[in-house]
Q: 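Mind looking over this structure? Questions follow.
We're numbering straight along the sequence, starting at 1. Note that ligands are numbered from 1 as they come in the structure, with each ligand's atoms numbered from 1 the same way.
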Amino acid sequence: MFTVAARTMGYEVIVLDPDINSPAAAFASHHLCAAYDDEDALAQLASQCAAVTTEFENVPASSLQAIAEHIPVRPSASAIRIARDRILEKRTIRDIGLDTVDYHVIKSESDFKNAIEKITFPAILKTATLGYDGKGQIVISSSSELEPAFQQLGAKPCVLEQRVDLACEISVVLARSVCGHIETFTVAENWHENGVLDMSIVPARVEHEVSSQAEKMARMLAEELDYCGVLAVEFFVDKNNKLMINEMAPRPHNSGHYTLNACLTDQFQQQVRTLCGYRPGKTGLTSQAVMVNILGDAWQHGTPSWDELLKNPGTFLHLYGKKEPRTGRKMGHFCCVGEEREELLVQAEKLKKLLSSEKD
Ligand code: ADP
Ligand code: MG
């Protein structure tokens, strides 16, 4: 979607992606099909591009650093290094003075005792790196479950987090230019199923103070990191309306996909603008929105019929061009836009049900 935005704004794009079926490459001027640490490919990017960005935080920071010696890399390798590692991420957020959930770092079995004494169960053990869509996480109900869970996750560095009794989850997606101009998108309310984002409702149904506080915290994080690019900040809201930062993503975010249909500028155009040194565009809402993810599960009996979705003039379908519709894999999303989010919610639930009933 970044590539589409960049091409429609007049830029050429070279995509580095080891996947021969890379969806981004289908829209690119050129596809470098190589590993993210391939020296020749990185050298080509550095010599042929004016600037480089990433939509994937697991690109090695060393690759981004190597390119940054020649051309601007936005967001910076150092920001990406923080966002891809839960230990560094939480420590950075706390150092800035913002709240996270209570957590303990578990690097080896010698860290168990201290963590068990201090944490209240239930808790969640998460691998420090490479987790996404709820993967690399295990719920721990009592202290005896910690050791087998740690082994199951490969005995790699982890964080043990308090499980929060959530009122809801919200997120702020913002764009910050190299000169420090910030535009934030309207706060989204996010509902997950099995650790995977299922639905975003915009504007979030929280009190004004809660959404403005979230926006303030996200801005502060971006400023303290001297961040350039699109940044998504996920928040937990507990039953007392206390806000805690769950995690950040150094790129356009699934909970910001609604911006494609309901905002003056979308999050991918923001990534292009900030990469190219411009100010982010205005982010005003053109309507309310409910975004629903479409997972590979919907393909159980072949490609689903999109008829019901597309019959509706206020519903927009986005498919990502991924070849393999695996269970739980994000294949696309749809977005219902209109004046009243409660009505959109009813409509979205109906369409979602139709897609999932095709499975049976
Ligand atoms: P991922 O990198 O997979 O998005 P997250 O840490 O955001 O990992 O976890 C995915 C989802 O799991 C969260 O959005 C939330 O719904 C749930 N979750 C994760 N950690 C906690 C927690 N400490 N308390 C309550 N729910 C949690
Ligand atoms: Mg998350």
Q: Which heavy atom in A77 sits nearest to a heavy atom in Q65, and how many Å separate them?
A: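 Taking every non-hydrogen atom into account, CB-N, 4.0 Å.
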Q: Determine whether the side chain, the backbone, both or neither of N246 has a heavy atom under 4.0 Å from any heavy atom of ligand 1.
A: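 Side chain only; the backbone of N246 stays clear of ligand 1.
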Q: Identify, by atom number and element, the atoms of ligand 1 in contact range of E234, meaning under 4.0 Å from any of its heavy atoms.
A: 7 (O)
Q: Heavy-atom distance from atom 27 (C) of ligand 1 to the protein below 4.0 Å?
A: yes
Q: Give the residue and atom name of whichever protein heavy atom lies nearest to atom 9 (O) of ligand 1, and the separation in Å to one decimal.
A: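 Here the closest protein heavy atom is Q137 NE2, 3.1 Å.
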Q: As a check for students: among I124, T100, T127, identify the option with a heavy atom nearest to atom 22 (C) of ligand 1.
A: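 Among I124, T100, T127, the closest heavy atom to atom 22 (C) of ligand 1 belongs to I124.
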Q: Distance to 0.1 Å, residue and atom name: give those for the protein heavy atom nearest to atom 14 (O) of ligand 1.
A: E169 OE1, 2.6 Å
Q: Give me the nearest non-hydrogen protein atom to atom 3 (O) of ligand 1 as residue plus atom name, then the distance to 0.1 Å.
A: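 Checked against all protein heavy atoms, atom 3 (O) of ligand 1 sits closest to G134 N, 2.6 Å.
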Q: Only one of V159, L125, L153 clears side chain to side chain contact (heavy atoms under 4.5 Å, CB included) with I106; which?
A: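 Filter result, single survivor: L125.
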Q: At a non-hydrogen distance cut-off of under 4.0 Å, which region of H253 contacts ligand 1 (side chain, backbone, both, or neither)?
A: neither
Q: To which protein heavy atom is atom 20 (N) of ligand 1 closest, and what is the distance rounded to 0.1 Å?
A: K126 NZ, 2.8 Å
Q: Using a strict 4.0 Å cut-off to heavy atoms of G131, name the atoms of ligand 1 that fall inside it.
A: 2 (O)
Q: For the rings on F112 and H104, is their centre-to-centre separation under 6.0 Å?
A: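 No, the ring of F112 stays outside the 6.0 Å limit from the ring of H104, centre to centre.
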Q: Please classify the N190 to ligand 1 contact at 4.0 Å (heavy-atom distances, strictly less than): side chain, backbone, both or neither.
A: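 The answer is neither.
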Q: Determine whether Y36 and I67 fall in the same hydrophobic cluster, where Ile, Leu, Val, Met, Phe, Trp and Tyr are linked whenever their side-chain heavy atoms lie under 4.5 Å apart.
A: yes
Q: So does E324 pair up with R329, basic N to acidic O under 4.0 Å?
A: no
Q: List ligand 1 atoms under 4.0 Å from L166, heavy atoms only on the residue side.
A: 25 (C), 26 (N)
Q: Please find out if the Mg ion (ligand 2) and some N, O or S atom of E247 are separated by less than 2.8 Å.
A: yes
Q: Give the numbers and elements of all ligand 1 atoms closer than 4.0 Å to a heavy atom of R163.
A: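 Matching atoms, with element in brackets: 23 (N), 24 (N), 25 (C).
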Q: Indicate yes or no: does D102 engage R94 in a salt bridge with an N to O separation below 4.0 Å.
A: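 Yes.
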Q: Go through ligand 1 atom by atom and flag the ones less than 4.0 Å from a non-hydrogen atom of H192.
A: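 Reading through ligand 1 atom by atom, the close ones are 14 (O), 16 (O).
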Q: Is R251 salt-bridged to E55, cutoff N-O under 4.0 Å?
A: no
Q: Report the atom name of the nearest N/O/S atom of E234 relative to the Mg ion (ligand 2).
A: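 Result for E234 and the Mg ion (ligand 2): OE1.
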Q: When you look for heavy atoms under 4.0 Å from ligand 1, do you find them on the side chain of V164, its backbone, both, or neither?
A: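 For V164, the contact with ligand 1 is made by both the backbone and the side chain.
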Q: Would you mind checking if R205 and E342 are paired as a salt bridge, meaning a charged N to carboxylate O distance below 4.0 Å?
A: yes
Q: Does any part of the side chain of D37, heavy atoms only, come nearer than 4.5 Å to the side chain of S62, both counted from C-beta?
A: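 Contact flag for S62/D37 side chains = no.
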Q: In terms of side-chain geometry, is the basic nitrogen of E193 or K352 positioned less than 4.0 Å from the acidic oxygen of its partner?
A: yes
Q: Of the protein's non-hydrogen atoms, which lies at the shortest distance from atom 4 (O) of ligand 1, and what is that distance?
A: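 Scanning the protein heavy atoms, the shortest distance from atom 4 (O) of ligand 1 goes to E247 OE2, 2.8 Å.
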Q: Could you check atom 18 (N) of ligand 1 against the protein and tell me its nearest heavy-atom contact, residue, atom and distance included?
A: F236 CZ, 4.0 Å
Q: Report the C-alpha distance between F268 and H257 in whole Å, list the side-chain angles of each, state the deciding distance to 0.1 Å, and finish with yes or no for ring-ring contact (aromatic ring centres under 6.0 Å, His included).
A: CA-CA 9 Å; F268 303 98; H257 284 356; 5.8 Å; yes
Q: Is E117 salt-bridged to K113, cutoff N-O under 4.0 Å?
A: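 The answer is yes: the pair qualifies as a salt bridge.
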Q: Going by the atom numbers of ligand 1, which of them fall below 4.0 Å from some non-hydrogen atom of D133?
A: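 Matching atoms, with element in brackets: 1 (P), 3 (O).
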Q: Can E161 and K90 be said to form a salt bridge (charged side-chain N to carboxylate O under 4.0 Å, His left out), step by step?
A: CA-CA 11 Å; E161 276 183 33; K90 286 188 191 325; 2.9 Å; yes
Q: Which one holds for Q162 and ligand 1: side chain close, backbone close, both close, or neither close, with close meaning a heavy atom under 4.0 Å?
A: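 Near ligand 1, Q162 shows its backbone, while the atoms from C-beta on stay back.
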Q: At what distance is the nearest protein heavy atom to atom 10 (C) of ligand 1, and which residue and atom is it?
A: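 Checking every protein heavy atom, the shortest distance to atom 10 (C) of ligand 1 gives G195 O, 3.7 Å.
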Q: Is R219 salt-bridged to E215, cutoff N-O under 4.0 Å?
A: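 A salt bridge is present here (some side-chain N lies under 4.0 Å from a carboxylate O).
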Q: With heavy atoms only and a cut-off of under 4.0 Å, state how E161 meets ligand 1: side chain, backbone, both or neither.
A: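 It is the side chain that touches ligand 1; the backbone stays farther off.
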